[in-house]
Asks: 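Sharing a structure below in structure tokens format, with a few things to ask.
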2 protein chains.
Amino acid sequence: MEKTRPSPRRDESLSRERIVDAAIALLDAGGADGLTFRALAERLATGAGAIYYHVANKSDLLTAACDSVIAHTLAECAVDGSPAAQIRDIALGLFDAIDAHAWVGSALAGAPGELPGVRILERIGRQVDALGVPHGGQWAAVCALVNYIMGVAGQNAANSQIARTHAYDRASLLDAMATRWSQLDAQQFSFTRSVADQLRDHDDRADYLTGLDLILQGMETLYAHPGQKD
Amino acid sequence: MEKTRPSPRRDESLSRERIVDAAIALLDAGGADGLTFRALAERLATGAGAIYYHVANKSDLLTAACDSVIAHTLAECAVDGSPAAQIRDIALGLFDAIDAHAWVGSALAGAPGELPGVRILERIGRQVDALGVPHGGQWAAVCALVNYIMGVAGQNAANSQIARTHAYDRASLLDAMATRWSQLDAQQFSFTRSVADQLRDHDDRADYLTGLDLILQGMETLYAHPGQKD
DNA sequence: ACCTGAACACCGTTCAAGT
DNA sequence: ACCTGAACACCGTTCAAGT
């Protein structure tokens, strides 16, 4: 028996790309806390300090890992169909990517104005323009969409972080939350209690799309047919 | 000269409330990174371990500090006016609170389903109900509003964290971002470049309200007048 | 130019020991 | 019951020293 892979292969020399790929693997396996310079060094069979030769710091690395996922995700989104359909497609693609790599949600939220966020802004911005929103309203409209997407991304990231920490699955997490909500004070939290049951078996993805459609509908009503207002 | 305050007064014994108040002071002064059990112990003139007698862990403490701010904020929101006006009032109150205490944004985003988030859900949920949204659509509508608010909160928190780290003020942060955007590839990032200038002197608060109104408008169009659809 | 890995300055959390 | 504070098991980052 010949001794293959005596340790994580070192066939290629260290590079930013290899570091980012290894970081993604660690993040996917261990969540946001799984990325550590020590774990990364071990996986790349190198010293912790060597990584700093190719990467400025942890935040830089996290953003680069996030950008890799976002760029791939956006590349697979449809480039035909109506503007609204394309926005839905992009938003759903991002939802699924963040669902699969929860750490992307917090990385995205933590790097405002950086490349991954800008890619999203660009793709959505073009469709908002194509939708006929006047130039003066485009910035606010795009921000509304992006902020909504980021908000959902952040919640998903937080939920999956909690699930990982407590070793819950999604169902028991929601169940625990619903139980807690239904034990709140009946007067002070009447609405929350009334929706506690819906929490258990709601469809995150469907609710996400519904919210997106609310914004799109608002844009259509306010911008696309200005003559019909009132 | 008599020697008053030989060290941070210890006139009252340690309590959860005193700990939370001290935590808020540290967070306001030093951002999310400013809260440390060692700093907290020093400020309370006690040992680090003593704090664990009143607080489960750091996440528990952060959520409690966040809840204190959110509860006070919501208590000052108007309880009259139209449902839409009340939603705007709540959303603006939260915006200003998070603007003043950026750490609240990340604390809120990091504690889904916990008390501070539930307070917001409850207040907005009641108004969505009053708005005439049918029961079946209330959950999705409330989530849309809350996710949007959380998204903006998260972005604000991240921006202020970056500003603090680099010792920038808000203006130079936006200026640096706008400069970076305008240096992006002209073809690949045409939309982003076209809005880079608006970034420099846009009004966060006004854009926030505009986005909120898009969602409210969508809700009105889709739910409040179902007979008029199409 | 690129890599090594010990060292530095921190963390949150625990726990035997005190009162 | 409540508090002490040293100790533990980690972090990100730096930097003299190597190749």
Side-chain angles (χ1 to χ4, degrees), chain A residues 6-24 26-27 29-66 103 106-107 110-111 161-162 164-167, chain B residues 6-23 26-27 29-66 103 106-107 110-111 158 161-162 164-167:
Chain A
S7 73
R9 280 296 192 99
R10 218 15 226 295
D11 23 38
E12 299 145 18
S13 65
L14 215 51
S15 69
R16 190 169 221 268
E17 200 196 350
R18 278 192 71 215
I19 292 172
V20 168
D21 287 345
I24 291 174
L26 285 175
L27 288 161
D33 294 338
L35 178 59
T36 283
F37 275 85
R38 282 167 179 82
L40 200 54
E42 192 185 8
R43 175 177 263 265
L44 293 166
T46 181
I51 297 165
Y52 280 87
Y53 197 87
H54 298 91
V55 141
N57 49 45
K58 187 171 180 177
S59 147
D60 175 35
L61 176 55
L62 196 58
T63 302
C66 176
W103 55 272
S106 49
Q161 162 83 343
I162 291 170
R164 186 185 301 274
T165 303
H166 297 6
Chain B
S7 72
R9 280 297 193 99
R10 220 13 230 296
D11 23 38
E12 299 145 19
S13 65
L14 215 51
S15 69
R16 190 168 222 266
E17 199 197 351
R18 277 192 71 215
I19 292 172
V20 168
D21 287 344
L26 285 175
L27 288 161
D33 294 338
L35 178 58
T36 284
F37 275 85
R38 282 168 178 81
L40 200 54
E42 192 185 7
R43 175 177 264 265
L44 292 167
T46 182
I51 298 165
Y52 281 87
Y53 197 88
H54 298 91
V55 141
N57 49 43
K58 188 172 180 174
S59 147
D60 175 35
L61 176 55
L62 196 57
T63 302
C66 177
W103 56 271
S106 50
Q161 162 84 342
I162 291 170
R164 186 185 301 272
T165 303
H166 298 5

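All chains are named by letter (A, B, ...) in the order of the sequence lines, taking the proteins before the strands, and each is independently numbered beginning at 1. The basis for the numbers below is simple: all heavy atoms, side chains too, and nothing from hydrogens, waters or symmetry mates.
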Asks: Specify the separation, in whole Å, of atom CG of A:Leu61 and atom C1' of D:dT13.
Replies: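 The distance from CG of A:Leu61 to C1' of D:dT13 comes to 14 Å, rounded to the nearest Å.
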
Asks: Rounded to the nearest angstrom, tell me the gap between atom CG in A:Leu40 and atom P in D:dC11.
Replies: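 Taking CG of A:Leu40 and P of D:dC11, I get 12 Å after rounding.
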
Asks: Figure out the OH/P separation between A:Tyr52 and D:dT13, and round it to whole Å.
Replies: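 Distance check: A:Tyr52 OH to D:dT13 P gives 3 Å.
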
Asks: Paired with C:dG18: which nucleotide, if any, by Watson-Crick or G-U wobble criteria at under 3.5 Å for both distances?
Replies: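 Paired with C:dG18, as far as the under-3.5 Å criterion goes, is D:dC2.
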
Asks: Expressed as a whole number of angstroms, how long is the span from B:Arg38:CZ to D:dA7:P?
Replies: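 One finds 13 Å between P of D:dA7 and CZ of B:Arg38, rounded.
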
Asks: B:Phe37 has a side chain; which of C:dC3, D:dC3, C:dG12 sits nearest to it?
Replies: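 Taking heavy atoms from C-beta onward, the closest nucleotide is C:dG12.
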
Asks: Taking pairing as Watson-Crick or G-U wobble with both contacts under 3.5 Å, can you name the mate of C:dC8, or confirm there isn't one?
Replies: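 The answer is D:dG12, by the H-bond criterion.
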
Asks: Out of curiosity, B:Lys58 NZ to B:Leu35 CG, how far, rounded to the nearest 0.5 Å?
Replies: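 So the gap between those two atoms works out to 5.0 Å.
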
Asks: I need the minimum non-hydrogen distance between A:Phe37 and A:Ile51, along with the two atoms involved.
Replies: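 Shortest heavy-atom separation between A:Phe37 and A:Ile51 comes out as CE2-CG2, 3.7 Å.
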
Asks: Under 4.0 Å, heavy atoms only, any strand: does B:Ile51 hit a base, just the sugar-phosphate, or nothing?
Replies: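 Answer is nothing: B:Ile51 stays at 4.0 Å or more from every strand.
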
Asks: Can you see which heavy atom on B:Arg16 is nearest to which on B:Ala64, and at what distance?
Replies: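 Where B:Arg16 meets B:Ala64 most closely, the heavy atoms are NH1-CB, 3.7 Å.
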
Asks: Ignoring the backbone of B:Thr36, work out which of D:dG12, D:dC3, C:dG12 is nearest its side chain.
Replies: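 So the nucleotide nearest the side chain must be C:dG12.
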
Asks: Check whether any side-chain N or O of B:Tyr53 sits under 4.0 Å from OP1 or OP2 of D:dC2, and answer yes or no.
Replies: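 Yes, because at least one side-chain N or O of B:Tyr53 sits under 4.0 Å from OP1 or OP2 of D:dC2.
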
Asks: Hey, which sits more toward the 5' end of DNA chain D by its nearest nucleotide, A:Ala50 or A:Asp33?
Replies: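 Final value for this comparison: A:Asp33.
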
Asks: Rounded to the nearest Å, what distance is computed from the CD1 atom of residue A:Ile19 to the P atom of nucleotide C:dC2?
Replies: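 It is 12 Å, rounded to the nearest whole Å.
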
Asks: Tell me: CZ of B:Arg16 to C1' of D:dC2, nearest whole Å?
Replies: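 Distance, rounded to whole Å: 16 Å.
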
Asks: For A:Asn57 and D:dT14, give me the distance from atom CG to atom P, rounded to whole Å.
Replies: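 The answer, rounded to whole Å, is 8 Å.
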
Asks: Between C:dA17 and D:dC2, how many Å separate the two P atoms, rounded to a whole number?
Replies: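 It comes out at 22 Å once rounded to the nearest Å.
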
Asks: What's the shortest heavy-atom distance between A:Ala41 and A:Gly47, and which atoms?
Replies: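 Smallest interatomic distance, heavy atoms only, reads CB-C, 3.7 Å.
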
Asks: Report yes if a side-chain nitrogen or oxygen of B:His54 is closer than 4.0 Å to either non-bridging phosphate oxygen (OP1 or OP2) of D:dC3; otherwise report no.
Replies: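 Yes.
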
Asks: Rounding to a whole Å, what distance do you find between B:Lys58:NZ and C:dC11:P?
Replies: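 Spelled out: NZ on B:Lys58 to P on C:dC11 is 8 Å.
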
Asks: Given 3.5 Å as the limit, does a donor-acceptor pair link the side chain of B:Ser15 with the main chain of B:Arg18, or not?
Replies: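 A pair under 3.5 Å: yes.
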
